[in-house]
Amino acid sequence: MKRKVPQQKSHNYKWRRKLFAAILLGFCFVTLMLLMQSQYSRIMMQMPVPKIAFMFIARNRLPLDLVWDAFFQGGENKFSIYVHSRPGFLFNKATTRSAYFFNRQVNDSIQVDWGESSMIVAERILLKHALEDPFNDRFLFLSDSCIPLYNFSYTYDYIMSTPSSFVDSFADTKEGRYNPKMDPVIPVLNWRKGSQWVVLTRKHAEVVVEDNTVFPMFQQHCKRRSLPEFWRDRPLPADASKEHNCIPDEHYVQTLLAQEGLEGEVTRRSLTYSSWDLSSSKDHERRGWHPVTYKFSDATPMLIQSIKDTDNIYYETEYRREWCSSKGKPSPCFLFARKFTRPAALRLLNMSLLGAFNEATRKSNLW
């Protein structure tokens, strides 16, 4: 005679079986998710991140290579380097103390003269080479006397946090700069002035390299008038604009972007600080058409902090004040500064490494 299984026992058995199946299914799901996450992480680690192309314009060697060597450490895979130096100059163990610059010279460089169109030719050469790397996403021009004000991580995040280019650009109302012969190809309404030390998005870098309209006009009609030799030891003329006329690198990128209707995609300020206040300088060597050069005695924590404390820029010709921000919050205006001699830059670097800066400066991640 067969015994009947109690209904309660049968119900418990089915409930346990369902629970076991649910646990097993959950385990399999979690295992699958972990495998997928691991695979995703592996793929993401293998995918190159967007890079900043650091493009240096140098006379010969880079006198501040040790400063940049310290800056680039820890930023691997997030930057590339290109240097335009005089034709035939090579960056190797004999000419630079930083391995980051080994063989980073472009092979088709030209002789560059200050204030001539050869400067914008050099800029286009650098951009052409940098655009060959599909992972270069921002294109940054630097001189051989520039120093970084912050470490690489802060600099990278600042530049990459916005989809716009950083181009110092304002309406140029001074006489003697715009050549009427440029009209109608370049109307005076599109004539702009600013610093050549720009940061371009890939789209805007391509616009510069592919330009075959504005560039020829600059080569033909934007020329510097040389100052007479006697001005070197005498007071500067009252109207300097009429004396050195049109400096191509101070107008080209700005005017081109205005001409192409791209100013809405640009943050109209530079990330590189220069001091043009020469009125108080007693050093005749510092008085002329170039910004102040900082020497060993100038290189102090106070100088750096004063530059980093700048949070707005005023443009007189447009009655425009540009308040600086990053990620929607107020921020310092400048990431780089010039012009620094090698002794001045190395003094700052040594002070930073030895912890001689005050607490506020250390917190701001200088190098």
Side-chain angles (χ1 to χ4, degrees), residues 48-112 114 118-119 121-156 159-160 196-200 205 249 271-273 293-294 299 335-350 352-353 365-367:
V49 297
K51 296 190 293 185
I52 298 176
F54 288 80
M55 302 176 296
F56 292 85
I57 298 178
R59 296 172 181 82
N60 293 297
R61 64 183 66 210
L62 290 169
L64 310 186
D65 53 359
L66 284 182
V67 174
W68 288 101
D69 186 271
F71 170 79
F72 286 127
Q73 290 177 22
E76 280 74 8
N77 304 320
K78 290 186 176 181
F79 69 90
S80 52
I81 297 173
Y82 305 86
V83 185
H84 185 287
S85 190
R86 65 173 171 79
F89 189 86
L90 300 177
F91 284 87
N92 51 37
K93 290 183 178 180
T95 57
T96 179
R97 295 151 295 175
S98 172
Y100 289 116
F101 293 102
F102 287 172
N103 299 314
R104 298 314 305 157
Q105 72 281 344
V106 295
N107 58 12
D108 53 350
S109 63
I110 62 168
Q111 184 62 44
V112 174
W114 175 79
S118 55
M119 181 65 80
V121 174
E123 293 175 352
R124 284 161 58 96
I125 289 173
L126 283 167
L127 286 172
K128 180 191 71 173
H129 284 276
L131 283 167
E132 291 174 358
D133 185 338
F135 299 107
N136 284 336
D137 196 61
R138 296 293 189 276
F139 302 80
L140 165 64
F141 284 111
L142 295 161
S143 78
D144 54 9
S145 63
C146 276
I147 64 168
L149 297 173
Y150 298 88
N151 64 21
F152 182 88
S153 177
Y154 181 88
T155 302
Y156 182 88
I159 292 174
M160 302 300 291
Q196 74 178 107
W197 312 114
V198 302
V199 181
L200 299 177
D249 56 79
L271 297 182
T272 299
Y273 173 84
T293 296
Y294 294 108
L335 299 180
F336 312 96
R338 60 189 293 268
K339 303 170 58 174
F340 285 81
T341 62
R342 181 171 174 269
L346 292 180
R347 184 187 189 194
L348 290 171
L349 180 61
N350 289 334
S352 177
L353 293 177
N365 299 321
L366 177 65
W367 295 311

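Atom CZ in Phe135 sits 15.5 Å away from atom NZ in Lys78 (nearest 0.5 Å). Rounding to the nearest 0.5 Å places CG of Leu140 at 11.0 Å from CD1 of Ile81. Once rounded to the nearest 0.5 Å, the distance linking CD1 of Ile110 with OG of Ser85 reads 12.0 Å. Here the CG atom belonging to Leu346 is positioned 8.5 Å from the OG1 atom belonging to Thr341, to the nearest 0.5 angstrom.
Not counting sequence neighbours, the partners of Phe340 by the ring-ring contact (aromatic ring centres under 6.0 Å, His included) test are Tyr294. Shown here are the side-chain contact (heavy atoms from CB on, under 4.5 Å) partners of Asp108, two or more places apart in sequence or in another chain: Val106, Ile125, Lys128, His129. Applying the ring-ring contact (aromatic ring centres under 6.0 Å, His included) rule to Phe101 yields the partners Phe56; only residues at least two apart in sequence or on another chain are considered. The ring-ring contact (aromatic ring centres under 6.0 Å, His included) search around Phe91 returns Phe89, not counting sequence neighbours. Contacts of Leu90 classified as side-chain contact (heavy atoms from CB on, under 4.5 Å), with partners at least two apart in sequence or in another chain: Asn92, Gln105.
Looking at Lys51 and Asp137, no side-chain N of the basic residue comes within less than 4.0 Å of a carboxylate O on the acidic one, giving no salt bridge.
Counted by atom type alone, Ser80 and Asn136 present one or more donor-acceptor pairs between their side chains at under 3.5 Å. Counting only N and O atoms by type, the side chains of Arg338 and Ser143 include a donor and acceptor under 3.5 Å apart. In this model, a donor atom of one side chain and an acceptor atom of the other lie less than 3.5 Å apart for Glu76 and Tyr100.
The aromatic rings of Phe54 and Phe72 sit perpendicular, their planes meeting at an angle over 60°, well past the 30° parallel limit.
Of the candidates Ile147, Leu142, Leu349, Leu64 forms a side chain to side chain contact (heavy atoms under 4.5 Å, CB included) with just one, namely Ile147. Each of Tyr154, Tyr156, Phe79, Phe152 was checked for a ring-ring contact (aromatic ring centres under 6.0 Å, His included) with Phe71, and the lone residue meeting it is Phe152. For the pairing with Leu62, the side chain to side chain contact (heavy atoms under 4.5 Å, CB included) check across Thr95, Asp69, Asp144 returns one residue only, Asp144.
For residues 81-103, every residue pair satisfying the salt bridge (Lys or Arg N to Asp or Glu O under 4.0 Å) rule, not counting sequence neighbours, is listed here: Asp65-Arg97.
Heavy-atom contacts from other residues, nucleotides or ligands closer than 6.0 Å to CZ of Arg342 number 12 or fewer. Surrounding CG of Asn77 are at most 12 heavy atoms belonging to other residues, nucleotides or ligands under 6.0 Å away.
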